[in-house]
Amino acid sequence: MGMGRYVIKRAASSVLTFFVTVALTFVLFRLLPGNPVQLLFRNPELTQAEIRELSTQFGLNKPLWLQFILYIRNVFLGNWGISFYYRSPVTEVLFPALLNSVILILPATVLAIVIGAGLGVLAGWKRGSYTDVGVLSSSLVLYAIPTFWLGILLIMIFVKVGGLPVSGMVSITAVNGPPLQYLVSVLRHMILPMLTLTLVTLGQFTIIMRSSIIGELTEDYVVAAYSKGLTSSWLLRKHVVPNALLPTISIIAISIGTVVAGAVLTETVFSWPGVGSLIYDSIFRRDYPVLQGAFLIIALFVIAANFVADIMYAYLDPRVKYS
Amino acid sequence: MVLMAILAPYISPYNPNQIDPNAILQGPSFHHLLGTNEVGQDILSLVIWGSRVSLLVGFLATAVAITVGTTIGVAAGYFGTAADEVLMRLTDFFLVVPAVVLAIIVAALLGNSLLNVVLIIGLLSWPPTARIVRSSTLVYKHAPFVEASKVAGASSIHILRTHILPNVMPLVYANTALTIANAIFTQSALVFLGVGDINNISWGQTLHFAYSSGAITAGDYWYAIPPGLMIVLAVLGFALAGYSLDEAFNPRLKGGSVFGSA
Amino acid sequence: MALLEVKHVSVSFSIRSSQLKAVDNVDLSVKSGEVMGIVGESGSGKSTLGYSILKLLPRNAAIEGKVEYRGLDLYTLNELEMRKIRGKEIAMVFQGSMNSLNPLIKIERQVAEPIIVHNRLGFSEALSKARETLEKVGIDPSKGESYPHELSGGLKQRVAVAIALAANPSLLIADEPTTALDVMTQAQLMDLLKTQCRQHNMAMILISHDIALISESCDSIAVMYAGRVIESGPAQRVIHNPIHPYTRGLLASIPSIQDVGKHRESIPGDPPDPFDLPAGCRFRPRCSFATEACSSYDLASFQAEKDHFASCLMVRGGQHG
């Protein structure tokens, strides 16, 4: 099977996973006790016209299976409902929040993967040394620290010593200021949440990379390559690290879910206006369309990350026969 | 730590629910070793009592996860083909779906209850167990002693009970500790966000009130540090136990590498 | 002068606070261009001995003794100096090359590595030299862009030979190079190795459990048992005039066409537990000639004829070696 067909097959399976996710949200938001659709009619914030509009959009008077089909259709067409709180389409509410989340998550994840992989290589290569013991135990501690607690600790420290903002994304004075001032303000607000997210995800990447390196070092080809007279750094750079990175791609992809969970908590603690804060606020506003939309967008994000990882793996490993 | 949870009524200095309007947000003192919160409850007592719910949820949710995971894993591995395909698709789905986010939303929809939290965490944490059990079942399914038993006419139930499960379970036990660690973690996160089970005293609950009452920004360290530290210790303890069990049961990890770094 | 002299080499592994002596006081001498066979059962220490020459042992291994290459004691060299020996002076072909090639790197690049490191050539020059080397071992250079998993077991082993030959070493250590191959491929590979040795005046230490293979291919033979060399000498003498009862047993176990249907001798019993070696001669429990004296024998080796030694009291008539 060729690469093209493999990509199509994986894409189809990702779409299927997303489809199941959509079905799951349908079940969650309709069939559970106290479901939001019933709440919809009791919501005092809505006008009669809006209720009528929503009723037709969701087809609430139709049989369940038809509702399901309509729901699927709406999700794929981008009709994700109207926010109870903002009274505007969910997609419009989600989009800026999503952008803010990506601004935070992307650099934090890249940083965590790069530093984590580096430390993992170091610890795995020097297995049993003091470096290894130090790296491994700090990784385990980082892994065990709850995201929100680390955030709390950082807030407490910086409230005392000052120097960095501990809440929000941009200071009031900079909102209407010149672009450069705005940018600097955002970057300064970003430091603590990014640090939190990087640290809590760093530990697991280090542990994953370390065990992959150790596993790779037991392979026969490493001794064989060493017997050629290669330097340790050549051996590490050209043989051990590339080969050890490969299996970590799929493990990292799976752990993207935990990164997202960490991001939700980080955003909440630091009041960073991303999807996580939106979820937190929507819970208390009982803004179910936004909750549903936020979950869908996160699921879409994670599924896409896994899809990309699968393709990358297939592309990088010559042994994969695309089957 | 388990001992602390069991002995909570005897070792905690105060009734954790007792409110003392004369001692609000006090720092550590001789009367209140770890200080008090915004309604005058003793933090040390809160932390000691909090271990009960945190550990209970950890254990119960893990019991749910292990039961579901083992059943699905054995079924997929033993019965194979169609059942395997469907069950593993399901497992992959739950592995990919952001479980914590889903847990937050479901907990918010279902409302406050200890049982809900246990069920939600349990029903979202079974996929790793299912995977491990499946691959281990596949190994033993074709083991000579199982084939021999089949030839002798033993029923599937009998083979599963007497041959496969006893061999698969050690790996499950190793996984149990890690699952408990994750469950404690998730529980504290849910409660911190104010969803799930906010009425019972737990470490996550104490942190929730520490954050929402503004004690954090006021710098009341005695309020926020102890419960968080307890979570770290609990998670670390169970995770380390899990790793060492895994090392003991997983033959592939034994021994050193043939090659030592130079 | 001998090309390689192994003098009183012992290797022990520390395993869970106890010591396992895998190689015990071994002496060997390989002349330039000579093919020496080391034969023994699995666990006899023959592979460990091979690895110990290039110091390729895991960290829990302790080596004693001397390995002199062209008069230079390899065990006194530091890592940097040792790297100039590995691959350039002494190269290795490993058991089961399916695992000794990196699965993610094209084979021509793996052959080029020792050339880049030792001959200080640029990447493209090294690559074209690598293709020449591949051709030398009978692989079409157009296959150089293949990955290991795309090749058959025989071809992979040829790649491993090409890697070993790439920097023109003077000594090749081949550890069970043909074990995983079928009989025809085995014969072809042995031909290739012997031809290369002759053409480049390269010496080879051939390590194998297969006494038939060793006796067909080698100039001299060392027989190992429980970590020790128990008999050594020129191939013809050892084969036609074996002294040690263990060597005799090994030779008697070779099947031949004439013997079909006849009962073949095999050696009764198992090799000793390396943690619990018998006192005196280690072969004593399995030996049908064993006497009282064998249990207090100090394991010295005796010279039977010129260059032919054996560690057995039955040659006490000969001169003490």
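Numbered from 1 within each chain, the chains take letters A, B, ... in sequence-line order. Keep in mind that this is a model prediction, so the values were computed, not measured.
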Asks: Measuring heavy-atom distances to chain B, does A:Leu300 have an atom under 4.5 Å in its side chain, in its backbone, in both, or in neither?
Replies: neither
Asks: Please identify, among B:Ser188, B:Gly204, B:Pro227, B:Ala239, the residue contributing the most non-hydrogen atom pairs under 4.5 Å to chain A.
Replies: B:Ser188
Asks: Mind checking the OG1-CZ spacing from A:Thr21 to B:Phe94? Nearest 0.5 Å is all I need.
Replies: 9.5 Å
Asks: Around atom CZ of A:Phe284, are there more than 12 heavy atoms from other residues, nucleotides or ligands closer than 6.0 Å?
Replies: yes
Asks: Do you know which of B:Ile104, B:Leu193, B:Ile105 makes side-chain contact (heavy atoms from CB on, under 4.5 Å) with A:Ile283?
Replies: B:Ile104
Asks: Measure the spacing between CD1 of A:Ile298 and CG of B:Leu102 and express it to the nearest 0.5 Å.
Replies: 10.5 Å
Asks: Could you tell me which portion of A:Leu16 (side chain, backbone, both or neither) has an atom closer than 4.5 angstrom to a non-hydrogen atom of chain B?
Replies: side chain
Asks: Checking A:Ile279 against chain B: side chain, backbone, both or neither under 4.5 Å from a heavy atom?
Replies: side chain
Asks: Mind ranking A:Phe295, A:Phe158, A:Phe301, A:Tyr143 by heavy-atom pairs under 4.5 Å with chain B and telling me who comes out on top?
Replies: A:Phe295
Asks: For chain A, find which of B:Leu90, B:Leu229, B:Val195 contributes the most heavy-atom pairs closer than 4.5 angstrom.
Replies: B:Leu229
Asks: Answer with side chain, backbone, both or neither: which region of B:Ile184 has an atom nearer than 4.5 Å to a non-hydrogen atom of chain A?
Replies: neither
Asks: Please classify the contact of A:Leu24 with chain B as side chain, backbone, both or neither, using a heavy-atom distance under 4.5 Å.
Replies: side chain
Asks: Look at A:Ala144, A:Ser13, A:Gly257 and state which one has the largest set of heavy-atom pairs under 4.5 Å with chain B.
Replies: A:Ala144
Asks: Quick check on the interface: out of B:Leu240, B:Leu236, B:Thr186, who has the most heavy-atom pairs with chain A under 4.5 Å?
Replies: B:Leu236
Asks: When you compare the side chain of A:Val20 with that of B:Arg89, does any pair of heavy atoms fall below 4.5 Å?
Replies: no
Asks: At a 4.5 Å cut-off on heavy atoms, which part of A:Val141 comes close to chain B: side chain, backbone, both, or neither?
Replies: both
Asks: Checking B:Tyr211 side chain against A:Ile152 main chain: does a donor-acceptor pair fall under 3.5 Å?
Replies: no
Asks: Sort A:Ile145 into side chain, backbone, both or neither according to what part of it lies under 4.5 angstrom from a heavy atom of chain B.
Replies: both
Asks: Which of the residues A:Ala294, A:Pro146, A:Ser129 is involved in the greatest number of heavy-atom pairs with chain B at under 4.5 angstrom?
Replies: A:Pro146
Asks: Identify, with sequence neighbours excluded, every residue that meets ring pair (Phe, Tyr, Trp, His ring centres under 6.0 Å) alongside A:Phe270.
Replies: none
Asks: Testing the basics here: between A:Ala261 and B:Val101, what is the closest heavy-atom pair and its distance to 0.1 Å?
Replies: CA-CG2, 4.4 Å
Asks: To the nearest 0.5 Å, how far apart are OH in A:Tyr280 and CZ in B:Phe192?
Replies: 7.0 Å
Asks: What part of A:Leu153 is in contact with chain B, defined as an atom under 4.5 angstrom from a non-hydrogen atom: side chain, backbone, both or neither?
Replies: side chain
Asks: Taking all heavy atoms of B:Ile225 and all of A:Trp149, pick out the closest pair and write down the distance.
Replies: O-CZ2, 3.2 Å
